[in-house]
Amino acid sequence: MLAGDDGAGRRALPAGEFLHPVPLAALALLAVNDHALKGSGLLPAWVTGKLSDAMGFVFFPLLSTAVADTAALAVARLGAPVDFSLRRWKLALAIAGTLGLMVAIKLCPAAAAAVAAALGAAGFHAAVVVDPTDLFTAPAAVVAWWVGAAEIRRVPLGRIEVLERAWRRDRTPPAAGLRDVPGGDALARALERYFATGEGAAEVDAELARLRRAPAVATR
């Protein structure tokens with residue numbers, strides 16, 4: 001709802017994976033933990049410390065893909081032929097990048113100091129603690145993969161615009177851009193008809209609704 005609703009003739013921000021309730025809840029929990037629970041004595045220090053890192057593994061990869069694809073959308077609207085919709089390789093790269101950053105700051109004091117300085121320059125004053133045991137929270141990134149993969153299966157926001165741009169540019173069939181969407185063949189046919197003739201918008205929207213209905217809600 002926050003990102004908008006795409007479809008025939010409609011556009012939405014390619015940020016559905018981050019605006020999903022799970023990463024938003026993780027971000028909210030991290031904020032409450034860092035600003036209210038830490039130092040309050042309500043929870044042991046080791047719990048509040050690990051909770052922040054776990055929530056970071058949940059939301060940060062999805063924030064990364066959403067920001068990158070939104071930036072790519074801006075570039076595409078200037079005329080560049082870029083794909084600004086979520087793909088599995090982007091999700092995997094974001095998770096790997098998050099893990100690499102966490103390994104660096106949890107094992108290397110210089111990296112931790114650099115990140116703390118960067119956060120301070122951006123207005124976020126947070127201590128970055130070097131603690132190798134914080135890496136035990138890395139499995140929380142599985143949640144980020146689960147949310148991102150669900151977004152892809154439901155036809156990620158921005159994908160319809162990407163497919164339309166590819167069709168207008170060189171008549172790339174929509175099916176080529178929906179190979180990662182299970183059951184997307186009927187949507188591909190409806191989109192090709194819509195792109196070629198301008199007719200069948202209702203069919204496109206019906207196929208999108210079908211793909212995003214019960215299985216997508218259960219997965220999301």
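- Hydrophobic clustering of Ile, Leu, Val, Met, Phe, Trp and Tyr side chains at less than 4.5 Å, counting indirect connections, unites Phe59 with Leu51.
- Side chains of Thr65 and Phe18 form no contact here, defined as non-hydrogen atoms less than 4.5 Å apart.
- Pairing each heavy atom of Arg87 with each of Gly177, the nearest pair is NH1-O, 3.5 Å.
- Put simply, the side chain of Asp131 does not reach to within 4.5 Å of the side chain of Asp53, judged on heavy atoms.
- Considering every non-hydrogen atom in both Ala12 and Gly4, the closest pair reads CB-C, 3.8 Å.
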*Check the pair Val130, Ile105 against side-chain contact (heavy atoms from CB on, under 4.5 Å), reporting the backbone distance first and the verdict last.*
CA-CA 6 Å; Val130 177; Ile105 65 177; over 6 Å; no
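- A distance of 7.5 Å separates NZ of Lys106 from CG of Leu135, quoted to the nearest 0.5 Å.
- Asp205 and Arg10 are joined by a salt bridge, as a carboxylate oxygen and a charged side-chain nitrogen come within less than 4.0 angstrom of each other.
- Atoms CG and CG, on Asp83 and Asp69 in that order, are 7.5 Å from each other to the nearest 0.5 Å.
- Connection of Leu73 to Trp167 is not established within any shared hydrophobic cluster, with ILVMFWY side chains joined at heavy-atom distances below 4.5 Å, either directly or through further cluster members.
- Grouping the Ile, Leu, Val, Met, Phe, Trp and Tyr side chains by contacts below 4.5 angstrom, directly or via other members, places Val162 apart from Leu178.
- Ala111 and Ala104 get closest at one heavy-atom pair: CB-O, 3.6 Å.
- Under the side-chain contact (heavy atoms from CB on, under 4.5 Å) rule, Leu163 has a single partner from Leu191, Thr172, Val155, which is Leu191.
- Side-chain heavy atoms closer than 4.5 Å link hydrophobic residues (I, L, V, M, F, W, Y) into clusters, and following such links, even through other members, never connects Val129 to Met102.
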*Where do Val181 and Leu187 land on the side-chain contact (heavy atoms from CB on, under 4.5 Å) test, with the steps shown first?*
CA-CA 10 Å; Val181 177; Leu187 175 60; 5.8 Å; no
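- Atom-to-atom distance recorded for Leu30:CG and Asp34:CG is 4.5 Å, nearest 0.5 angstrom.
- In plain terms, the two heavy atoms of Phe57 and Ala138 that are nearest each other are CE1-CA, 3.5 Å.
- The salt bridge (Lys or Arg N to Asp or Glu O under 4.0 Å) test with Asp6 is passed by exactly one of Arg212, Arg11, Arg154: Arg212.
- Atom CZ of Arg179 has 12 or fewer heavy atoms from other residues, nucleotides or ligands within 6.0 Å.
- The two atoms that bring Met55 and Ala26 nearest to each other are CB-O, 3.6 Å, heavy atoms only.
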*Test log, rule side-chain contact (heavy atoms from CB on, under 4.5 Å), inputs Tyr194 and Glu203*: CA-CA 9 Å; Tyr194 175 69; Glu203 184 181 355; over 6 Å; no
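- Ion pair Arg159/Glu151 not flagged as a salt bridge, since none of the NZ, NE, NH1 or NH2 atoms sits closer than 4.0 Å to an Asp/Glu carboxylate oxygen.
- One finds the OG1 atom of Thr133 at 3.0 Å from the NZ atom of Lys50 (value rounded to the nearest 0.5 Å).
- Between the side chain of Arg210 and the backbone N or O of Gly183, at least one donor-acceptor pair lies under 3.5 Å.
- For Thr137 (side chain) and Asp134 (main-chain N/O), a donor-acceptor pair under 3.5 Å exists by modelled atom type.
- Applying the side-chain contact (heavy atoms from CB on, under 4.5 Å) rule to Ser64 yields the partners Phe60, Ala94; only residues at least two apart in sequence or on another chain are considered.
- Rounding to the nearest 0.5 Å gives a distance of 8.5 Å between CG of Leu19 and CG of Leu157.
- Closest approach of Val58 and Pro23 over heavy atoms only: CG1-CA, 4.4 Å.
- Taking the six-membered ring where tryptophan is involved, the planes of His20 and Trp146 are perpendicular, since the angle between them exceeds 60° and thus also 30°.
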*Run the numbers on Glu192 and Arg189 for salt bridge (charged side-chain N to carboxylate O under 4.0 Å, His left out), then give the verdict.*
CA-CA 5 Å; Glu192 187 158 354; Arg189 291 191 294 271; over 6 Å; no
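- Grouped by direct or indirect side-chain proximity (heavy atoms under 4.5 Å, Ile/Leu/Val/Met/Phe/Trp/Tyr only), Val142 sits alone.
- Transitive grouping of hydrophobic side chains (ILVMFWY, heavy atoms separated by less than 4.5 Å) brings Val103 and Leu101 into a common cluster.
- Rounding to the nearest 0.5 Å gives a distance of 11.0 Å between CG of Leu27 and CG of Leu62.
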